[in-house]
Amino acid sequence: MICNRRFEIKNLGVIKSGSFEVKPLTLFCGPNNSGKTWAMYSLYSFLEYTLSLGPSIPKEIINALREQTSYQFNIIDWLQSKSEEIVDGYNIQVSKSLPELFNIPSKTFQDASFGLVMDTDDWTHALQTSQKRTYTHKSKKGTVRLVKSEGEEIIDIFHQGANEYLLERSVADFLEKFIANWLFPGIDSADIFLMPAERNGLHLFFRELSSRRTALLHHASKENIDIRELLRDVISSRYAVPIADYIDWLNNVAEIKKTGKGEFHNCAEKLKKLAGGVYKVDARTSDITFKPYQKQRDGKSTKPLGLHTTSSAVKSLFGLWFYLEHQAKPGDTLMIDEPELNIHPENQRKLARFFATLVNAGLNIVISTHSDYMVREFNSLIMLNRDKDKKLREKHDYAEEEVLEPEKVGAYLFDKQKIEAFEITSEDGIYATTFDDVIRDLNRVNNDIYYSLKEAQDE
């Protein structure tokens, strides 16, 4: 889980400085071109990036195991002295990967950084409450076994016939996985899934948009083909990594389907009602179709439609439905850039309630949104947490699993090159000033036009 971890941004695109804390439900709000997608993509990259300890691996372990077959190592003592170095090193590695993440020249990110903010007390508490972890590596070069008991500070290390390289690699593997899981509990068994704002277009053309085909077509249109440039572009994607990953995911849905239904199947069934029909993925051809619930004028059932012929709302919801149907599990993180795309205001409210249900079922969700309807619906769900006698829930037809605890929600305003946290309370919900100001101005202008024209007419 990535919850209750704070991330800091400096000089990333239009964002000069700011930070945000990830909660079970995290909302990025603000005007266009304010850096919300940049922050979401950076978080995605951070969580997907493999931790590498490098020179931080304690050499005393290797030196001791040269002379003996077992060794006890106090990981808390080591981490208290190395925690800042490890986090800073990890953050630097992630920050250096930003040009590759966005597929933009490195000079754009010359002073940019994105990283985790953590103190030593957080490390110690997490380690003392961590579960038992065991690692065993067997090969022709020997055997290495490491054990960290639940709630203990000591790591027991045993080896038989292992050379120095195997010892170093085994210790590094264990510590890297252990620390990554400690930074984000359960991350080694959790997955990250991001749905970009471009998903509707990708749903239409995902087969044609595979990275290598795009690169080949790009060069084939030139009169003079540069072979070196061709090879470089064929090998690497021409898209930002989250978009390229989503294209690859779409091209692999038939294989994913073979894994069967996932733990959020019931939620996926509810989403079909919002979409207004049934999705189907052909396991042989990977063709995606949609059969509307609504019948034809003659009363007959509507025939299945290719996804490319359906409404924008149906296309927009397909990825979310399939992910929930076949892949999502508690502890995973779902990121959606502008979930309200092509969705009617009434269904935006229903979608907000649906997301709340997912959060209460154990899914972590990060959303970038311009939708006042969704934010206001989240407000209602937070305020309903105070409805102890459940009268208001029954009056307005809210389900128990849709009610949100304010502690589970974080909301941030991206504007004027910085990030500011919205105040969230059980009394007021999310105090989202960015939407309130626009609505007040719209009402003021609307009223002025109406009453000015009415007065002129009366004269």
**Q.** salt bridge (charged side-chain N to carboxylate O under 4.0 Å, His left out) assessment of Glu377 paired with Arg349
**A.** CA-CA 6 Å; Glu377 192 65 19; Arg349 292 185 61 195; 2.7 Å; yes

Q.
Could you check, using the six-membered ring where one of them is a Trp, whether Phe322 and Tyr279 have ring centers closer than 6.0 angstrom?
A. no

Q) Between Glu402 and Arg353, is the closest basic N to carboxylate O distance under 4.0 Å? A) yes

Q.
Ring centroids only, cut at 6.0 angstrom: are Phe20 and Phe28 within range, meaning strictly under it?
A. yes

Q.
Regarding Asp156 and Gln72, do their side chains bring together a donor and an acceptor under 3.5 Å, going by distance alone?
A. yes

Q. Around Tyr44, counting heavy atoms of other residues, nucleotides and ligands shown, do more than 12 lie under 6.0 Å from its OH?
A. yes

Q | Trace of the salt bridge (charged side-chain N to carboxylate O under 4.0 Å, His left out) decision for Lys418 with Glu420 | A | CA-CA 7 Å; Lys418 59 183 180 180; Glu420 293 184 356; 3.1 Å; yes

Q.
So Leu392 and Arg386, do their side chains get closer than 4.5 Å, heavy atoms only?
A. no

Q.
Any side-chain to backbone donor/acceptor pair from Asn251 onto Ile247? Under 3.5 Å, distance only.
A. yes

Q. Hey, are the side chains of Leu351 and Leu271 touching, using non-hydrogen atoms and a 4.5 Å cut-off?
A. yes

Q.
Nearest 0.5 Å, please: how far is CD in Glu168 from CD1 in Ile61?
A. 10.5 Å

Q | Exceeds 12 heavy-atom contacts within 6.0 angstrom, atom CD of Glu67 | A | no

Q. Can you tell if the side chain of Trp249 reaches within under 4.5 Å of the side chain of Phe193, non-hydrogen atoms only?
A. yes

(Q) Assess, by modelled atom type and distance only, whether the side chains of Asn342 and Asn200 contain a donor and an acceptor separated by less than 3.5 Å. (A) yes

Q | Aromatic contact, Phe7 with Phe46 (centres under 6.0 Å) | A | yes

Q | Near-ring test Tyr246/Tyr239, centroid separation under 6.0 angstrom | A | no

Q: Indicate yes or no: at least one non-hydrogen side-chain atom of Asn364 is less than 4.5 angstrom from one of Val359.
A: no

Q) Within a strict 4.5 Å, meaning less than it, do heavy atoms of the Leu320 and Phe355 side chains meet? A) yes

Q. Taking the side chain from Asp282 and the backbone from Thr285, do they hold a donor-acceptor pair closer than 3.5 Å?
A. yes

Q: Starting at CG of Leu101, measure out to OG of Ser95 and round the result to the nearest 0.5 Å.
A: 11.0 Å

Q. Quick one: does Gln417's side chain have a donor or acceptor within less than 3.5 Å of a partner on Lys16's backbone?
A. no

Q.
Keeping Asn379 on the side-chain end and Ile430 on the backbone end, is there a donor-acceptor pair under 3.5 Å?
A. yes

Q.
Let's go through Phe102 and Phe109 carefully: what are the C-alpha distance in whole Å and the side-chain angles of both, what is the deciding distance for ring pair (Phe, Tyr, Trp, His ring centres under 6.0 Å) to 0.1 Å, and is it a yes or a no?
A. CA-CA 10 Å; Phe102 290 97; Phe109 302 93; 5.6 Å; yes

**Q.** Donor + acceptor pair across side chains of Asp337, Thr37 (<3.5 Å)
**A.** yes

Q) Between atom CZ of Phe318 and atom CG of Leu250, what is the distance when rounded to the nearest 0.5 Å? A) 6.5 Å

Q: State whether the side chain of Asn347 and the backbone N or O of Lys350 hold a donor-acceptor pair below 3.5 Å, judged by distance alone.
A: no

Q. Of all heavy-atom pairs between Glu423 and Thr425, which one has the smallest distance, and what is that distance?
A. OE2-CG2, 3.7 Å

Q: Output, in order, the C-alpha distance, side-chain angles, deciding distance and verdict of salt bridge (charged side-chain N to carboxylate O under 4.0 Å, His left out) for Lys280 and Asp287.
A: CA-CA 8 Å; Lys280 184 177 180 181; Asp287 288 337; over 6 Å; no

Q) Should Asn103 and Val241 be marked as a side-chain contact (heavy atoms from CB on, under 4.5 Å) after you check the CA-CA gap, both sets of side-chain angles, and the distance that decides it? A) CA-CA 7 Å; Asn103 202 7; Val241 169; over 6 Å; no

Q) Take atom CD in Glu427; do more than 12 heavy atoms of anything else shown fall under 6.0 Å from it? A) yes

Q: Output yes when a side-chain donor or acceptor of Lys36 lies under 3.5 Å from a complementary backbone atom of Asn33, and no otherwise.
A: no

Q | Non-hydrogen side-chain atoms of Leu12 and Ser42 separated by less than 4.5 Å | A | yes

Q | Lys272 atom NZ, over 12 foreign heavy atoms within 6.0 Å | A | yes

Q. Once you round to the nearest 0.5 Å, how far does CD of Glu263 lie from CG of Asp332?
A. 8.5 Å

Q.
Is it the case that over 12 heavy atoms from other parts of the model lie below 6.0 angstrom from the CG atom of Asn63?
A. yes

Q.
So for atom CD, which belongs to Gln327, do other residues, nucleotides or ligands contribute more than 12 heavy atoms lying within a distance under 6.0 Å?
A. yes

Q: For the pair Gln68 (side chain) and Ser70 (backbone), establish whether a donor and an acceptor sit closer than 3.5 Å, ignoring hydrogens and angles.
A: yes

(Q) Tell me if the centroids of the rings in Phe414 and Trp38 come within less than 6.0 Å of each other. (A) no

Q.
Go through it in stages, so that I can follow the logic: the residues are Arg66 and Glu164, the test is salt bridge (charged side-chain N to carboxylate O under 4.0 Å, His left out), and I'd like the CA-CA distance, side-chain angles, deciding distance and then a yes or no.
A. CA-CA 7 Å; Arg66 288 197 190 103; Glu164 185 169 330; 2.9 Å; yes

Q: Show your reasoning for whether side-chain contact (heavy atoms from CB on, under 4.5 Å) applies to Ile75 and Leu175.
A: CA-CA 9 Å; Ile75 190 170; Leu175 291 178; 3.9 Å; yes

Q: Give me the one residue out of Arg6, Arg5, Lys408 that meets salt bridge (Lys or Arg N to Asp or Glu O under 4.0 Å) with Glu21.
A: Arg6

(Q) I'd like to know if the side chain of Ser170 reaches the main chain of Leu167, judged simply by a donor and an acceptor atom lying under 3.5 Å from each other, with no hydrogens or angles considered. (A) no

Q) So, Lys390 and Glu400, do they make that salt bridge, N to O below 4.0 Å? A) yes

Q: Would you check if the side chain of Asn91 reaches a backbone N or O of Leu116 as a donor-acceptor pair within less than 3.5 Å?
A: yes

Q: Indicate the atoms forming the closest heavy-atom contact of Ala172 with Arg169, along with that distance.
A: CB-NH2, 3.2 Å

(Q) Are Phe114 and Leu43 packed together at the side-chain level, in the sense that at least one heavy-atom pair is separated by less than 4.5 angstrom? (A) yes

**Q.** Beyond-backbone contact of Ile419 with Ser17, side-chain heavy atoms, under 4.5 angstrom
**A.** no

Q: Supply the atom-to-atom distance Leu47 CG to Thr333 OG1, rounded to the nearest 0.5 angstrom.
A: 6.0 Å

Q: Starting at CG of Leu194, measure out to CD of Glu48 and round the result to the nearest 0.5 Å.
A: 9.5 Å

Q: Examine the side chains of Glu340 and His370 and answer whether a donor and an acceptor come within less than 3.5 Å of each other.
A: no

Q: Verify side-chain contact (heavy atoms from CB on, under 4.5 Å) between Thr369 and Val375, making sure each step is shown before the conclusion.
A: CA-CA 8 Å; Thr369 182; Val375 173; 4.2 Å; yes

Q | Flag, side chain of Asn360 to backbone of Glu401, donor-acceptor distance under 3.5 Å | A | yes

Q: For side-chain contact (heavy atoms from CB on, under 4.5 Å), just list the numbers for Ile424 and Ile382, CA-CA rounded to whole Å, side-chain angles, deciding distance to a tenth of an Å, and then say yes or no.
A: CA-CA 9 Å; Ile424 302 176; Ile382 293 171; 4.0 Å; yes

Q) So, Thr143 and Gln160: side-chain donor and acceptor under 3.5 Å apart, yes or no? A) no

